Amino acid sequence: MQSDAPKAAAPRGSLLTDPKARAWTFQILSILVVVGVGWYLFHNTQQNLANRGITSGFAFLDNSAGFGILQSLIDYTERDSYGRVFVIGLLNTLLVSVLGIFFATVLGFLLGVARLSPNWLINKLATVYIEIFRNIPPLLQIFFWYFAVLRAMPSPRQSYSFGEAVFVNIRGVYLPAPEAAGGLVPFLISLVIVIAAWIGLARWSRRRQEDTGQRFPVLWVSLALLVIVPGMAAMLFGKPFHWSFPELTGFNFVGGWAVIPELVAITFALSIYTAAFIAENVRSGILAVSHGQTEAARSLGLRSGLILRLVVIPQAMRVIIPPLTSQYLNLVKNSSLAAAIGYPDLVSLFAGTVLNQTGQAIETIAITMSVYLAISLSISMLMNWYNKRIALVER
Amino acid sequence: MTTHTFKPSLPPPNMSVGAMGWIRANLFPNWFNSLLTLFALYIVWITIPPILNWAFFSADWIGDNRESCTSGGACWVFIKVRMAQFFYGFYPEELRWRVDLTVLLAIFGAAPLFIKAMPRKLRYGAVFLLAYPVLAYWLLHGGFMGMTLVETSKWGGLMLTLVIAVVGIAGAMPLGILLALGRRSDMPVVRVICVTFIEFWRGVPLITVLFMSSVMLPLFLPEEVNIDKLLRALIAVTLFEAAYVAEVVRGGMQAIPKGQYEAAGAMGLGYWRIMGLVILPQALKLVIPGIVNTFIALFKDTSLVIIIGLFDLFNSIHQATVDPAWLGFATEGYVFAALMFWIFCFGMSRYSMHLERKLDTGHKR
Amino acid sequence: MIRIEGMHKWYGEFHVLKDINLSVRQGERIVLCGPSGSGKSTTIRCINRLEEHQQGKIIVDDVELTSDLKHVEAIRREVGMVFQHFNLFPHLTVLENCTLAPLWVRKIPKREAEEIAMEYLNRVKIPEQANKYPGQLSGGQQQRVAIARALCMKPKIMLFDEPTSALDPEMVKEVLDTMIGLAEDGMTMLCVTHEMGFARTVADRVIFMDKGEIVEEAEPEIFFSNPKSERTKLFLGQILNH
Amino acid sequence: MIRIEGMHKWYGEFHVLKDINLSVRQGERIVLCGPSGSGKSTTIRCINRLEEHQQGKIIVDDVELTSDLKHVEAIRREVGMVFQHFNLFPHLTVLENCTLAPLWVRKIPKREAEEIAMEYLNRVKIPEQANKYPGQLSGGQQQRVAIARALCMKPKIMLFDEPTSALDPEMVKEVLDTMIGLAEDGMTMLCVTHEMGFARTVADRVIFMDKGEIVEEAEPEIFFSNPKSERTKLFLGQILNH
Amino acid sequence: GSTLDAVMKKGFVQCGVSDGLPGFSYTDEKGQFKGIDVDVCRAVAAAVFGDAKKVKFTPLTAKERFTALQSGEVDVLSRNTTWTSSRDSAMGLNFAGVTYYDGQGFLVSKKLGVKSAKELDGAAVCIQAGTTTELNLSDYFRTTGMKYTPISYDKSDETVKALEAGRCDVLTSDQSQLYAQRIKLANPEGYVVLPEVISKEPLGPVVRQGDEEWFDIVRWTLFAMINAEEAGLTAKNVEQEAKASKNPDVRRLLGAEGELGKDLKLPKDWVVQVVKQVGNYGEVFDRNVGAGSELKIARGINALWNKGGLQYAPPVR
Ligand SMILES: Nc1ncnc2c1ncn2[C@@H]1O[C@H](COP(=O)(O)OP(=O)(O)OP(=O)(O)O)[C@@H](O)[C@H]1O
Ligand SMILES: Nc1ncnc2c1ncn2[C@@H]1O[C@H](COP(=O)(O)OP(=O)(O)OP(=O)(O)O)[C@@H](O)[C@H]1O
Ligand SMILES: [Mg+2]
Ligand SMILES: [Mg+2]
């Protein structure tokens, strides 16, 4: 008998007792409630704004800001608009997040592995670290590190100097910054060439391994190329940059790159805090790979480095990724605590100073929240996608 | 036919057991680990003695003003002098017994719930859960039935931290459970509403939420409505936390096999009875550790109310460190704050691990 | 007691049950068998609305099964069901498992519900386990608790979905014995099982399903000794030689 | 091929292996049996250094097993091992499981490694599963993949640690057949198993262990029909009557 | 609705103050709020309820303050807030008057050896975020063509801590605050306030726009305090004078004659209560920031108009 699609539905009950009808009634009611509450709040807000003569709308984004900003990744002067201030805040938040995620991941993996070390002392040290740092509020840690960093550093005049090029003092870490010079173009071209060569080499060596089983020391050769070729370009076509060295003029160092202590403290605190959680995730991820897997790999003659790379980590990653994702999200959200120590992140600059200069609380907070929401959603989407891609195939 | 005589067990060669064996196996099994051990020893050596020295050996404990702190180590006098404020905030001195009593009531009231053999535990628990909040409100806030009123603006310190954390989680539980049910509902509209709600709160930082609740909420409400500042913070924390609780509870519900729903349905139980009598009791038991972890996170997050000017434990301490009379003892303040938070969080995380182990074995049998 | 007329069911595009017609009289004991995936479980799950049928009529105890919740509830009260994997509630004691539905659905006082429960636990021969948790019992004991739990609602009809197939062989007998006892007491039963011995002893009728259809329906003597259809023969050959 | 002389092993204070002496010639097929906890697994795991022995000598293919990594690696290359729980790598396809070690340890070109792998997958009769993941295979198929994986390294000796005891009964045969095939091709094998049928058909020698000692060592006919020791008899009685 | 009605209904004035600025608003160790800004609030409460205690304080950061006022979180914002055009117009606020004429200045460590703000090129400057100070600073350095690094914190306490730690060379704020903040330093003598005043900072209480009634009450409370000082009424003698004074100005002010109270919908004796419970402007100034306080700021331009200052209240008539 060929199956045909269902025709008439079975008889229905009355509106109150039929589950479908009831479900729809309920759903329509809940839509009404949500819309009603939304409208009520909107109405009140409208009324309140009108009553109190508060400006609304997003026109303020074009107004000029008029205040200085401690750190901005793009050019900024006081004449620039609030819109640009928003971008600067967002970039600063992203900077802290990216740095924090990077260091927290590295530190977290190291600690997670240390936590599993057969070496008793290392194991215990890692445990102590994890238990201390994950049980103290991050805000407290941020304050602590900020003032600890400030207290430990000398004034600009007594800076620690490394080869008269790098200076460390309470105002930050000052590094020489490259500035373009005549040989820059050939230099950049040579760099591109080396990188292209690197990729080609890697491809070729993979093919060679597949064909002959021999491995080629790609990394070392490429590193050598990386030094030699641009070096020759520099010699032939002249210096690509001259270095702008930081110099003490007046109160502070001028020139070079400066890494401000606020950034250091917040990155430090967030990395240390989040690493404690990541370490636990890593540990349970590695423990989730059964001992039999390592034994099987060992009995095949694989060395421990290869076992880790080819067998343990790929499997552990599947367990680690989902909790790691939420740690990343937490770190991004916690980066908003930067406001407490004056690091000009999104919350501090935009939901703080701009809000206060313009008085447009609803708009600025709405924008700020949407930005965090968007970051959170995109990180989770990315991670979900990755997670799906690497999921184990089962029956 | 022979009878095989077994050889006696010999003691192991001495390098593999005993103190030496242990040291060899755990500290110096190979050159790489030996290096690590030395490195770790070095770290211990450069960190522990100075810390101990600062915190104990050359610390000042006695006195009641900054002149007592001369030795160069930690000045615990500062903490000692301010201790009452760190615990009670500006709660009137002569009424502090009310706070103590509230805490004691919580401890002794909840204790029977942890006794295995307690009869009628469920009923007792329900009565306690209903009665205690009223009692606690009467004691802490007062203003009726003969208790003098203590404004919430006078609440502070550890007491406020605990109030926020406990009320937050207690409020978040029922809401979180409803959200979890909604997210697993087969009504698409309800599901969408719940998912949106949950994802929204999980996606934004708590400080923006607190900020909104503290200064913007009145903009959304009619002019005559006036809600206490602490209450608004509590509402914000509750909504925020409910989203996290919802996800934890959902995890637990997913672990309940479909057969349980079917068996309950086949017996003629309706949706709410299936959930209330069969599914949630099992799901909640499974997620107790997760809930405790959420509570720990919440407990740490209470420190953020500094942003909206509530004087919780951390803010009280922070405020004390800028008191001109005690300038320069910020480190002591932060260390003390850290210690207080640590004790609570560590204790709870141990408890959650203990539960996890207990539930784990219970599961296997 | 049960009348099914022209019932069809689809899972999405897949036609699982095709034109099922079946009627069960009061006190009748019917065994459903057939190869895996033939729709046996689906059929009996439709009877108490764990699955929804899309065409045809199901009438249980003079009540037609529609999507009206009132009817569904009325029918579920009269129909007890026992599952392959017991589905006892692990957080409740055996006694609580048995009294849950009487208390909340039938609204019987607790004392009385417990007396009834003990009576049925006696009947399935495990009164001494009343205060244990399901996790502490063997599979056979658990299934007997599940039967007692269903009986506590004093159903007019009992449905069994392969009640013994998740059990270790040594426990199968204790459950079958319980079921035989029940049959002897005159309970109306509809039973999905591959225990042909049970079918032979107890059943008034055996129904053979395949590919979502009822292929054959006969008294056990005739069914086993002289099946009409080729497919039934094939199936019986496989199952009895196993 | 393998020579073990006076090997002792302790787990902490516990003396697991006591004075084990054993030698296996090229092409010999040896079955190890004994009650649970008698040290069979430990013995064969010492042979490829999954466990460390503390006293005595183990010499495999003329290389003495010391803590020198070079020696350990050399030996592991020549010794294949099959585990009770297969231990396939779930994140790699069957083919990748089989080519992993040849590629990274033997440094064979990929093409060639794949050819070898397909050859052995043919041998264990599952070439068609090459691109599936282990999770998609049945237990018996997984164990055969595990055997193929070990064979791909072209080992001189194969160790089996109860290769069939985690399998459903209907799958035991397919794995045993594969092992018998291997034995017929002349592979040197050391096999911990309780499949006495297999021991009888294939083994050149059967070794019985108890409490960490070798109690008896004999050809299968003699071992089964006329064991010397009281202990062996008891064990055989138990295992054969089961 | 009307703020006055709402205030009467709830029984207290909700007042937004600073979260810690000696002299203006700060909490003592008992948690009591004190300072000029606080006294203005108490005066409003005394005017409305005849009881200066019927006021609740909400400590606000600079960032939060306007939102809190706009949203109705507080009824009056008395938090050393500068009166500017944009705040008065676009933000929907109304400034009720000036409690303190201030100007922005700089606080530096003596060790730096700086004598004038003109020497501050390249300095790192600590400021409180979200203040006019932040904008003035930027203007000042722009006009003088100097460079600076702004380091802004949410709370004024943190700016002090950062200056102390050496994170910045200079702290900038309203001069009055500089004096207040200086005593928060471990070593106040090591720091000086530079002579330059780079801006006008009239500070005063603020209310929401659109409620003239409430605006008038706050404004006239302040004026009443100034007029009281001018008329020589003090907390001690005001009750006496209310009964005995023959001066028609005083009689009108204290409600013995005329309709001042009724017009403002306040009790007849409201000014008496304000002065009795809080004091006249001079007393409040003196007690909190002037000679009677730790800050010891001179009256300067905050003296009455007839004593060479700017404080000038319209007559009661
Ligand atoms: N929820 C479902 N969604 C889609 N298809 C389903 C679902 N449940 C069952 N099926 C399919 O319907 C068919 C009938 O299933 P049913 O469980 O009734 O078979 P059965 O006769 O009870 O088999 P068994 O002896 O294995 O229990 C099977 O092909 C099955 O794959
Ligand atoms: N890692 C270990 N630490 C301590 N004791 C161990 C360890 N591994 C095994 N043992 C003990 O050593 C003894 C021998 O174990 P082994 O696994 O070799 O026995 P077996 O003969 O293979 O038994 P089975 O048939 O159960 O596999 C057992 O008593 C076991 O408990
Ligand atoms: Mg079925
Ligand atoms: Mg074993």
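Bear in mind that the values here come from a model prediction, so they are computed numbers and not experimental data. As a basis for the values below, the full set of heavy atoms in this structure was taken, side chains included, without hydrogen atoms, waters or symmetry mates. Letters go in sequence order (proteins before strands), and every chain restarts at 1.
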E:Lys10 atom NZ, over 12 foreign heavy atoms within 6.0 Å: yes
Need one label for [X]: side chain, backbone, both or neither, based on atoms under 4.5 Å from any heavy atom in chain E.
| X | result |
| --- | --- |
| A:Thr358 | backbone |
| A:Ala351 | neither |
| A:Ile170 | both |
| A:Leu49 | neither |

Under 4.5 Å from any heavy atom of chain A, what part of [X] do you find: side chain, backbone, both or neither?
| X | answer |
| --- | --- |
| E:Thr84 | neither |
| E:Asp121 | backbone |
| E:Val114 | side chain |
| E:Thr159 | neither |
| E:Phe141 | neither |
| E:Glu158 | side chain |
| E:Ile127 | neither |
| E:Glu164 | neither |

Do you know which of [options] has the most heavy-atom pairs under 4.5 Å to chain A?
| options | result |
| --- | --- |
| E:Leu69, E:Leu112, E:Asn94, E:Val125 | E:Leu112 |
| E:Leu137, E:Leu135, E:Asp154, E:Thr67 | E:Leu135 |
| E:Ala129, E:Gly210, E:Ser89, E:Gly122 | E:Gly122 |

Donor on one side chain, acceptor on other, E:Asp174 and E:Gln104, under 3.5 Å: no
Chain E-proximal positions within residues 261-271 of chain A [heavy-atom distance under 4.5 Å]: A:Pro261, A:Glu262
Heavy-atom check, side chain of [X] versus side chain of [Y], under 4.5 Å:
| X | Y | answer |
| --- | --- | --- |
| E:Ile198 | E:Phe106 | yes |
| E:Gln128 | E:Ser152 | no |
| E:Val44 | E:Cys15 | no |
| E:Arg208 | E:Gln70 | no |

Aromatic ring proximity E:Tyr100/E:Phe24, centre distance under 6.0 Å: yes
Side chain to side chain contact (heavy atoms under 4.5 Å, CB included) between A:Asn169 and A:Tyr174, worked out: CA-CA 8 Å; A:Asn169 60 47; A:Tyr174 291 81; 3.8 Å; yes
List the atom pairs, donor and acceptor, that lie under 3.5 Å between side-chain atoms in residues 213-222 of chain E and the rest of the protein, sequence neighbours left out.
residue, atom, partner, partner atom, Å
E:Glu213, OE1, E:Lys265, NZ, 2.8
E:Glu213, OE2, E:Ser2, OG, 3.1
E:Trp214, NE1, E:Asp75, O, 3.1
E:Thr221, OG1, E:Ile217, O, 2.5

Contact list for residues 140-178 of chain E, test disulfide bond (SG atoms under 2.5 Å apart), sequence neighbours left out: E:Cys126-E:Cys168
Would you be so kind as to tabulate the donor-acceptor pairs closer than 3.5 Å made by side chains of residues 58-75 of chain A, with sequence neighbours excluded?
residue, atom, partner, partner atom, Å
A:Gln71, NE2, A:Asn92, OD1, 3.0
A:Gln71, NE2, A:Tyr343, OH, 3.0
A:Ser72, OG, A:Ile74, O, 2.5

Verdict with reasoning, A:Phe86 to A:Phe350, per ring pair (Phe, Tyr, Trp, His ring centres under 6.0 Å): CA-CA 6 Å; A:Phe86 164 76; A:Phe350 194 68; 5.1 Å; yes
CA sep, side-chain torsions, deciding dist, call: E:Glu201, E:Thr82, side-chain hydrogen bond (donor to acceptor under 3.5 Å, both in side chains): CA-CA 5 Å; E:Glu201 305 282 341; E:Thr82 308; 2.5 Å; yes
